[in-house]
Chemist: 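What follows is a structure written as structure tokens; I'll ask about it next.
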Amino acid sequence: MVLKLDKIFDSFTKESLFKNKFVLQTNYTPETIPHREKQIEQIASILAPILRFERTSNLFIYGKSGTGKTLSIQYVKDELLKKVKKQKINVTIEYINCKLKKIADTEYRILAELIRKLGGMVPATGLPTERLYNKFVELLESKKQLFILILDEIDQAVKKINDDFLYNFTRLNSELNKSQISIIGISNDLNFLDLLDPRVRSSLGEEEIVFPPYNAEQLQDILRERADAAFKQGVIEQGVIEKCAALAAREHGDARRALDMLRIAGELAEREGKKKVTTEHIDKANEKMERDKVLDIIESGPKQFQLVLTAIIELDNKKQKIFTSDIYNTYQRLCKEAKIEILTQRRVGDIIAELDMLGLINAQVISKGRYGRMREIKLIIHPSIKERARNILYEAIALR
DNA sequence: AGGTATTCACATGAAACTATTCTCTGAGTTAGG
DNA sequence: TAACTCAGAGAATAGTTTCATGTGAATACCTGT
């Protein structure tokens, strides 16, 4: 035992491979954002009017995840705020991520969060939403100011809520006398604007900027720059950056993922007591990320999700083609065994759809003509994880 | 043979319900003046 | 009479049920050749 611990501790007391790991963490903001100069300039020129204390156009930003949207907007925001401070004008810019569960994923909570940021206090529940609007307006009107609201991942919010709340926000200006508000929406979904009410669309989409995915070369640039800052000299072996970039480029050029992968590869190498990060470490990191994601969902998911998933895994072992009805039957059986209440097929259908969203399964609606229409479901968990997943699930259900 | 019409087995959508947590309000109660 | 207590009304939220409508294409059913 002691020996083993010694070994572990040794690998840590030994020289770290990292110079500054923080640089690779997701919340790190680099001082330069390569290959986004154009977008940043565009954003800046659209927001520039606030320096003359004029309301800016509403702005809409699209781009897949990990294409630097949030980073760029934050960067411009910070720079702008510096200028604003010098000029002593009343400008407030608030950033809100609508995807944060329990914080800003409903109309009420977005408003509550805004109010909190403006220094007000509102309870987490109990009040009519209308009242929050009033309070928000009141806070805005307390002094003459320009307010810029950045709503990250609004597509998520609109999907969860309806799009009325965006309409309410865009209309807010007519209620404001002293102050003015502009909205910047950020969305991962490229077709998001089409889903909106025309009134909202025209108002919100006054200006639009698209963030294209990074290609492998650009990813390499980004990775190199960060790797230089994060790792010690000569730690990264030849080809590691390239491989990392290539893997991420396949996933619609997600830079965040690439950086995560690089960091995890570094951690793995360090844990193994190696002096260099090799391409094998990248492979392992890639695998580990996948496994962690899957196991996390499996472990922490609600028990009904676990049951449905168990049903799918069980079926997957003996059948190659799984349909909704199969799942539902097996699911019902499992429920009875575990003495858990059985949900309707309607609901189970939704759960299947959500598992699909999470990427644990692949569900496709197919039509078998006379024999109906259903989803064909494939489990896309790596076989090595499957066994473990199954054990976790059985345990979770048995515990209940 | 070629063209419609049916039909299956769910998918998908909307609304409503349930349970829980929380606020607000106003009636009733208490204690002090 | 002011302060306090406490029950009931009303909201937000998450997860679900109920009811209703939609849907793609394999088959059944015609139709005229």
Side-chain angles (χ1 to χ4, degrees), chain A residues 96-116 120-139 153-169 189 191-192 194-197 297 300-312 315 319 321-336 338-358 360-378 396-397 400:
Chain A
I96 288 199
N97 188 332
C98 306
K99 210 177 70 180
L100 292 178
K101 280 233 163 20
K102 302 273 179 188
I103 295 186
D105 58 347
T106 69
E107 181 175 21
Y108 184 94
R109 299 217 256 245
I110 289 172
L111 279 166
E113 186 63 15
L114 275 173
I115 291 170
R116 214 165 298 140
M121 264 309 291
V122 277
T125 164
L127 303 185
T129 309
E130 186 64 30
R131 201 117 141 206
L132 294 210
Y133 270 107
N134 294 339
K135 179 131 190 183
F136 180 53
V137 169
E138 199 180 290
L139 277 169
E153 323 232 19
I154 21 180
D155 48 331
Q156 301 287 325
V158 168
K159 239 176 270 167
K160 262 239 128 54
I161 329 161
N162 45 47
D163 58 0
D164 289 4
F165 89 96
L166 276 182
Y167 179 66
N168 290 338
F169 270 112
D189 184 353
N191 314 316
F192 172 66
D194 300 338
L195 310 172
L196 291 177
D197 188 310
I297 298 167
S300 60
K303 64 170 184 271
Q304 294 290 3
F305 277 55
Q306 293 178 332
L307 271 163
V308 174
L309 201 52
T310 311
I312 296 173
L315 285 166
K319 284 178 80 174
K321 296 209 165 179
I322 312 173
F323 302 109
T324 311
S325 56
D326 300 331
I327 295 180
Y328 192 59
N329 290 334
T330 315
Y331 160 79
Q332 277 179 305
R333 207 198 69 226
L334 288 171
C335 278
K336 277 180 205 149
K339 298 210 173 68
I340 294 174
E341 77 271 49
I342 303 171
L343 299 183
T344 41
Q345 180 154 331
R346 177 73 187 79
R347 178 61 185 141
V348 172
D350 278 351
I351 292 178
I352 291 172
E354 284 179 59
L355 289 173
D356 185 28
M357 289 284 292
L358 290 170
L360 295 186
I361 61 175
N362 196 322
Q364 228 182 359
V365 263
I366 53 159
S367 176
K368 288 179 155 305
R370 201 76 219 269
Y371 305 107
R373 224 165 84 92
M374 63 272 267
R375 283 203 189 92
E376 188 181 311
I377 288 123
K378 265 185 280 171
I397 293 166
R400 195 188 38 112

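Within every chain, numbering begins at 1; the chains are lettered A, B, ... in the order of the sequence lines, protein sequences first and strands thereafter. Treat the numbers as computed from the prediction; the structure is a model and nothing was measured.
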Chemist: Return the value, rounded to whole Å, for the distance between atom CZ of R373(A) and atom C1' of dC8(B).
Modeler: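 Atom-to-atom, R373(A) to dC8(B), this comes out as 11 Å.
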Chemist: Using whole Å, report how far NZ of K303(A) lies from P of dG15(C).
Modeler: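 In whole Å, dG15(C) P lies 11 Å from K303(A) NZ.
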Chemist: Starting at NZ of K159(A) and ending at C1' of dT12(B), how long is that distance when rounded to a whole Å?
Modeler: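 Value for this atom pair: 15 Å.
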Chemist: Does any donor-acceptor pair link the side chain of R346(A) with the base of dG13(B) at a separation under 3.5 Å?
Modeler: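 Answer yes: a donor N or O sits under 3.5 Å from an acceptor.
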Chemist: Strictly below 4.0 Å: does T324(A) bring a side-chain N or O up to OP1 or OP2 of dA9(B)?
Modeler: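 For T324(A), the contact criterion (side-chain N or O under 4.0 Å from OP1 or OP2 of dA9(B)) is not met.
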Chemist: Taking CD1 from I103(A) and C1' from dT13(C), how many angstroms apart are they, rounded to a whole number?
Modeler: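 Checked: the CD1 to C1' distance equals 16 Å.
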Chemist: Taking 4.0 Å as the cut-off, does a side-chain nitrogen or oxygen of T106(A) come that near to OP1 or OP2 on dT13(C)?
Modeler: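 For dT13(C), OP1 or OP2 has a side-chain N or O of T106(A) closer than 4.0 Å.
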Chemist: Atom CD1 of I340(A) to atom P of dT16(C): distance rounded to whole Å?
Modeler: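 Taking CD1 of I340(A) and P of dT16(C), I get 11 Å after rounding.
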Chemist: Look at the side-chain N and O atoms of R347(A) and state whether any lies under 4.0 Å from the OP1 or OP2 oxygen of dT16(C).
Modeler: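 Yes, because at least one side-chain N or O of R347(A) sits under 4.0 Å from OP1 or OP2 of dT16(C).
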Chemist: On DNA chain B, nearest-nucleotide positions of Y371(A) versus R375(A): which is more 5'?
Modeler: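 It is Y371(A) whose nearest nucleotide is closer to the 5' end.
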Chemist: Reckon I342(A) touches a base, only the sugar-phosphate, or nothing at all at heavy-atom distances under 4.0 Å?
Modeler: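 I342(A): backbone/sugar contact only, no base atoms under 4.0 Å.
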Chemist: Considering heavy-atom distances to DNA chain C, does G126(A) or R109(A) have its closest nucleotide positioned more toward the 5' end?
Modeler: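 First, find each residue's nearest nucleotide; the 5'-ward one identifies G126(A).
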Chemist: Output the single nucleotide from dT17(C), dT12(B), dC10(B) whose closest atom is nearest the side chain of V365(A).
Modeler: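 The nucleotide sitting nearest to the side chain is dT12(B).
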Chemist: For dT23(C), take OP1 and OP2 only and decide whether either is under 4.0 Å from a side-chain N or O of S367(A).
Modeler: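 Negative; the distance criterion is not met.
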Chemist: I'd like to know if the side chain of Q304(A) reaches the main chain of E341(A), judged simply by a donor and an acceptor atom lying under 3.5 Å from each other, with no hydrogens or angles considered.
Modeler: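 A pair under 3.5 Å: yes.
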Chemist: Report the distance from atom NZ of K160(A) to atom C1' of dA12(C), rounded to the nearest whole Å.
Modeler: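 Nearest whole value for this atom pair: 14 Å.
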Chemist: To the side chain of L127(A), which of dT25(B), dT18(C), dT23(B) is closest?
Modeler: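 Among dT25(B), dT18(C), dT23(B), the one nearest the side chain of L127(A) is dT23(B).
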Chemist: Quick one: closest heavy-atom pair of L127(A) and Y108(A), and the distance?
Modeler: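 Heavy atoms only, the tightest pair is O-CE1, 3.3 Å.
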Chemist: State, to 0.1 Å, how close M121(A) and K135(A) come at their nearest heavy-atom pair, and which atoms those are.
Modeler: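 The answer is O-NZ, 3.4 Å.
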Chemist: Among dC22(B), dA9(B), dT25(B), which is the nearest nucleotide to the side chain of T125(A)?
Modeler: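 For T125(A), the side-chain atoms sit closest to dC22(B).
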Chemist: Any idea which heavy atoms bring A112(A) and L132(A) closest together, and the distance?
Modeler: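 Minimum heavy-atom separation between A112(A) and L132(A): N-CD1, 3.8 Å.
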Chemist: Just how far, in rounded Å, is C1' of dT16(C) from CD1 of I351(A)?
Modeler: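 Atom-to-atom, I351(A) to dT16(C), this comes out as 9 Å.
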Chemist: Any non-hydrogen side-chain atom of I342(A) less than 4.5 Å from a side-chain atom of Y331(A)?
Modeler: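 SC-SC contact between I342(A) and Y331(A) confirmed.
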Chemist: Identify whether the distance between the nearest side-chain nitrogen and carboxylate oxygen of R131(A) and E138(A) falls below 4.0 Å.
Modeler: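 Answer for the salt bridge query: no.
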Chemist: Below the 4.0 Å mark, does dA11(C) have OP1 or OP2 next to a side-chain nitrogen or oxygen of T129(A)?
Modeler: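 Indeed not, no polar side-chain atom of T129(A) lies that close.
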Chemist: Looking at dC24(B), dC10(B), dT17(C), which one has an atom nearest to any side-chain atom of L343(A)?
Modeler: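 In terms of side-chain proximity for L343(A), the closest of dC24(B), dC10(B), dT17(C) is dT17(C).
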Chemist: Which nucleotide in the list dT6(B), dT25(B), dC10(B) gets nearest to the side chain of Q345(A)?
Modeler: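 So the nucleotide nearest the side chain must be dC10(B).
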Chemist: Rounded to the Å, how far apart are I366(A) CD1 and dA26(C) C1'?
Modeler: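 Going from I366(A) (CD1) to dA26(C) (C1'), I get 12 Å.
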